[in-house]
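One structure is given below, encoded as structure tokens.
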Amino acid sequence: MPKTNRRPAKCSPLLILHGGAGQIMPQGKKKRIQKKLRSILDAAYERLISSTALEAVTYAVFLLENDPAFNAGTGAALQRDGRSRLSASVMNGSNLLFSGVVNLENFKNPVLIARKLQNESARVLSDKGAALFASRSGFKSRDTRTRAAINDWKKKKKVGCDTVGACALDASGHLAGATSTGGRGMEHIGRVSDSCMPAGNYATAECAVSATGYGEHIMSEALSVRIVQRVADGMHLEQALVKTFIEVKARGGLMGAIAVDKRGRVSTGCTTDSLVFAWRKGCRRKFFR
Ligand code: GLY
């Protein structure tokens, strides 16, 4: 038999981001958010072209965390005691490594710390342990609370579920997902979000999914894993989302998800009134309406 030096098939890189599921926005706010998403999408897409799906989703979520318009990183919602506890995870679909941080205080980019944990034997760390790891890894601590977040907390105002996330397919056909959140806002101290669990963020060689919405519902539905598994079992990506969201809607679940598969398909679904998302594949871009 002649030896074949087969290279991995080249794919057209694909990136999708979300900025949470919730209510329909007023027109002015929608335009502002679409503009922000466009610049983050394009910056992270450049990264995707020159690196891997894992690096691109981490970078996209890093940029979303830095924008106080979203409930992640700087300006995220505060918990009942007025403190900000952030959670994030990343998953590399090509080696099935999941890593994350849970209820981390005083570090502005939990997604970077979750990414750093990809190389560790203990890959999910919570509060003090996560903070210790972050400090030892050279991340600087700082208060991530903004004046607006403190004012909302004083008024006991709950945010919508504006968790952020990204999924990507790179030119080598590898998939990855990343998700980050400040939580629901005004929640019980120590409550754990879905965003740092496979229910909220999951990727394999077949499919990557990032979820948003009411964390307890997402966990009960094992949302991201369920969609990925359906695709792995042969279901078309679009069908996997449609079927899953019909099921979770019937149980009153409030959530949304973005997804990409290894064939370069992209899909979104939600049971809420709207899902804030944007995707790009080459020159094609699509934004939520
Ligand atoms: N999906 C974010 C949360 O409920 O914490």
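Positions are given from 1 along the sequence. This is a predicted model, so every value here is computed, not measured. Both counts, for ligands and for their atoms, begin at 1 and track the order of listing.
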Considering the heavy atoms of [X], write down every atom of ligand 1 situated less than 4.0 Å from one of them.
X	value
Arg184	4 (O)
Thr163	1 (N), 2 (C)
Thr181	2 (C)

Glu187 touching ligand 1 at heavy-atom level, < 4.0 angstrom: no
Below 3.5 Å, N or O to N or O, backbone or side chain included: is there any such pair between [X] and ligand 1?
X	answer
Gly215	yes
Asp194	yes
Gly213	yes
Arg191	yes
Ser193	yes

Exercise: do Thr181 and Ser193 side chains pair donor with acceptor under 3.5 Å: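 Looking only at side-chain atoms, Ser193 and Thr181 do not form any donor-acceptor pair under 3.5 Å.
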4.5 Å side-chain heavy-atom contact, Leu37 and Leu64: yes
Ring-face cation of Arg184 near Tyr214 (centre distance under 6.0 Å, axis angle within 45°):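 That pair qualifies as a cation-pi contact.
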Smallest separation among heavy atoms of Pro68 and Thr146, with atom names: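 Smallest heavy-atom distance, with atoms named: CB-CG2, 4.4 Å.
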Atom of Gly256, atom of Ala21 and distance for their closest heavy-atom approach: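 The answer is N-CB, 4.1 Å.
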Pairs meeting criterion side-chain hydrogen bond (donor to acceptor under 3.5 Å, both in side chains) with involvement of residues 273-286, two or more places apart: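 Those involving residues 273-286 are Asp42-Arg280, Asp42-Arg285.
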Asp170 CG to Arg47 CZ distance, which is reported to the nearest 0.5 Å: 14.0 Å
